[in-house]
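What follows is a set of notes on a single structure, which appears directly below.
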Amino acid sequence: MSRSCIAALCTWFEREQRDLPWRRQRSGYTALVAEAMSQQTQVVRVIKQYEAFIAQLPDVYALAAADEEAVLRLWNGLGYYRRARNLHAAAKRVVQDYHGEVPLEAEHLRGLPGVGPYTAGSIASIVGGAREPIVDANVLRVLQRWDADSGEVSDKQTIDRCWSRAKELVLQAKQPGVFNEALMELGATICTPRSPKCKVCPVARYCQAHKQGRQNEIPPVRKASQTPTEYHHAVVLHRRGAVYVDQRDASGLWAGLWQPPTIEAPRKLRPSSFCNRLPMRIERPQLRSEFEFKTSSRRVIFRVYTGVTRIRSGRWQQIDALDALPLSSAHQKVLQIGLQEIGMVRR
DNA sequence: AATTCGGGGAC
DNA sequence: GTCCCAGAATT
């Protein structure tokens with residue numbers, strides 16, 4: 001009975017699938033890059049950055065040989081920057097241990113940094129044709145609805161049930177990779193978190209949630225956690241067409257990325273207090289602007305200053321070469337505000 | 001078993 | 001405004 005459902009889903013996928021760049025050229029390497037970028041990130045946001053990444057680093061040797069800074073820069077704005085470092089390390093290991101060929105067996109893939117059960121199963125099945133199950137956020141939702149499983153999405157038992165189900169199903173599929181990708185595609189385009197489009201779903205007649213009219217209740221909505229507010233005071237220092245930047249801690253938020261000198265505090269600091277905490281002397285500090293930046297677990301108020309300093313040591317980055325710097329989305333905005341105030345128009 | 005890690009799409 | 005996303009690693 002699930003055979004016909006699997007077939008219907010795969011037929012729909014072959015007909016309706018989105019045109020994604022990593023579907024045009026399949027290889028272990030392109031899949032590895034695409035999967036790393038796509039973790040916890042909506043696919044539409046990945047496309048442009050994936051293309052830039054592949055254009056710059058077209059094969060695993062290019063990536064393995066690249067500077068970490070060059071790799072991180074290609075991740076600018078994407079978030080979860082550890083993924084970039086893991087991908088870089090994975091490429092080095094592929095060159096070292098696998099003669100430059102990304103392994104296509106799940107067990108080997110699983111040994112690469114940044115490759116967990118989902119990513120290993122995805123590459124092994126879609127590129128390698130292996131009969132490996134996968135469960136990402138899309139598949140989880142689709143399978144919960146198929147079985148009218150109203151468990152919490154974060155509950156380990158719910159996740160385990162879906163992995164078991166995915167395994168059962170992929171064992172019956174004619175083409176495991178096509179089936180896996182079709183499940184994800186259905187979740188991304190039809191079986192969406194809210195207001196699923198059951199009217200145009202190719203497998204609605206196999207869906208228990210739909211049969212019971214409970215597709216809007218499954219899975220249950222997650223309860224939002226509250227995010228404490230913190231204040232990041234940053235000063236954009238300029239001299240001779242360059243700005244001063246320093247590197248963030250190797251762990252924590254935006255680990256190892258670059259930024260204008262910043263003091264983080266639980267509360268708003270007065271300008272004098274802020275300047276006193278900085279390692280360099282600031283002349284004519286001016287508060288220019290303030291904006292809110294939200295991540296999933298933090299609410300950060302950025303207070304952007306401009307100022308002048310005499311120090312020469314440290315890293316002075318030319319303004320027209322700021323794109324070469326690994327920068328978070330928040331710090332790109334800080335720099336944009338600071339430079340605009342200074343009159344160094346940027347974009 | 002919980003927490004951490006980003007940032008914007010979509011509603 | 002809210003919820004969520006082609007998850008994995010760390011604590």
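Not measured: the values here are computed from a predicted model. Chain naming here is simple, since letters A, B, ... match the order of the sequence lines and numbering starts at 1 in each.
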* **Rounded P spacing from C:dA8 to B:dG9 in Å** => 24 Å
* To do: Identify which one of A:Trp254, A:Tyr81, A:Trp258 satisfies the ring pair (Phe, Tyr, Trp, His ring centres under 6.0 Å) criterion when paired with A:His331.
  => A:Trp254
* Without swapping roles, check the side chain of A:Arg83 against the backbone of A:Ala36 for a donor-acceptor pair under 3.5 Å. => yes
* Structure fact -> Whole-Å distance, A:Asn76 CG to B:dG8 P, equals 12 Å
* To do: Return the minimal non-hydrogen interatomic distance between A:Asn180 and A:Ser125, and the atom names on each side.
  => ND2-OG, 2.9 Å
* Under 4.0 Å from any atom of DNA chain C, heavy atoms only: list the residues of residues 175-189 of chain A that qualify, in numerical order. => A:Glu181, A:Met184
* Starting at CZ of A:Arg83 and ending at C1' of C:dA6, how long is that distance when rounded to a whole Å? -> 11 Å
* Measure distances between side-chain N and O atoms of A:Ser296 and base N and O atoms of B:dG6, and say whether any donor-acceptor pair falls under 3.5 Å. => yes
* Under a 4.0 Å heavy-atom cut-off, which of residues 17-25 of chain A touch DNA chain C? -> A:Leu20, A:Trp22, A:Arg23
* To do: Could you name each residue pair satisfying ring pair (Phe, Tyr, Trp, His ring centres under 6.0 Å) that touches residues 104-146 of chain A, not counting sequence neighbours?
  => A:Tyr98-A:His108
* Can A:Glu107 and A:Arg110 be said to form a salt bridge (Lys or Arg N to Asp or Glu O under 4.0 Å), step by step? -> CA-CA 5 Å; A:Glu107 187 182 344; A:Arg110 191 69 182 73; over 6 Å; no
* Positions of residues 37-50 of chain A (non-hydrogen atom under 4.0 Å from DNA chain C), listed by number -> A:Ser38, A:Gln39, A:Gln40, A:Thr41, A:Gln42, A:Val43
* Is A:Asp67 reaching over with its side chain to a backbone N or O of A:Glu69, donor-acceptor style, under 3.5 angstrom? -> no
* **Spacing of A:Arg141 atom CZ relative to C:dC3 atom P, expressed in whole Å** => 15 Å
* Asked: What is the minimum heavy-atom distance between A:Tyr50 and A:Val33, and which atoms define it?
  -> CD1-CG1, 3.9 Å
* To do: Under 4.0 Å between any heavy atoms, over every strand shown, what does A:Thr119 touch: base, sugar-phosphate, or nothing? Just pick one.
  => sugar-phosphate
* How far, in whole Å, is B:dT3 from C:dA6 if one measures between their C1' atoms? -> 22 Å
* Asked: For A:Asn86 and C:dT10, what is the distance between atoms CG and C1' respectively, to the nearest whole Å?
  -> 12 Å
* A:Arg303 side chain to A:Pro271 main-chain N or O, any donor-acceptor pair under 3.5 Å? -> no
* Asked: A:Glu152 has an atom CD; how far is it from atom P of B:dA1, in whole Å?
  -> 16 Å
* Which listed nucleotide (B:dA10, C:dC4, C:dA8) is nearest to the side chain of A:Arg82? -> C:dA8
* Structure fact -> Between CZ of A:Arg222 and P of C:dG7 the distance, given in whole Å, is 11 Å
* Any idea which heavy atoms bring A:Leu327 and A:Leu322 closest together, and the distance? -> CD1-O, 4.0 Å
* What nucleic acid atoms does A:Lys156 come within less than 4.0 Å of, heavy atoms only: base, sugar-phosphate, or nothing? -> sugar-phosphate
* To do: Check every strand shown and say whether A:Thr192 touches a base, only sugar-phosphate, or nothing at a heavy-atom separation below 4.0 Å.
  => nothing
* Does A:Lys333 make a cation-pi contact with A:Phe291 (under 6.0 Å, within 45 degrees of the axis)? -> yes
* **Whole-Å P distance, C:dA9 and B:dG8** => 25 Å
* Does A:Arg24 have any side-chain hydrogen bond (donor to acceptor under 3.5 Å, both in side chains) partners at least two apart in sequence or in another chain, and if so, which? -> A:Asp19
* Asked: Rounded to whole angstroms, how far apart are NZ on A:Lys197 and P on B:dA10?
  -> 10 Å
* Asked: In this structure, are over 12 heavy atoms from other groups packed under 6.0 Å from A:Arg239 atom CZ?
  -> yes
* To do: Grab the OH-C1' distance between A:Tyr118 and C:dA9 for me, whole Å please.
  => 18 Å
* **Residue closer to the 5' end of DNA chain B, A:Tyr80 versus A:Arg194 (nearest nucleotide)** => A:Tyr80
* To do: Using heavy atoms to find the nearest nucleotide of DNA chain C for A:Pro193 and A:Val135 separately, return the residue whose nucleotide is more 5′.
  => A:Pro193
* Asked: Out of C:dA9, C:dC3, B:dG6, which nucleotide sits closest to the side chain of A:Arg110?
  -> C:dA9
* Structure fact -> By salt bridge (Lys or Arg N to Asp or Glu O under 4.0 Å), A:Glu14 pairs with (sequence neighbours left out) none
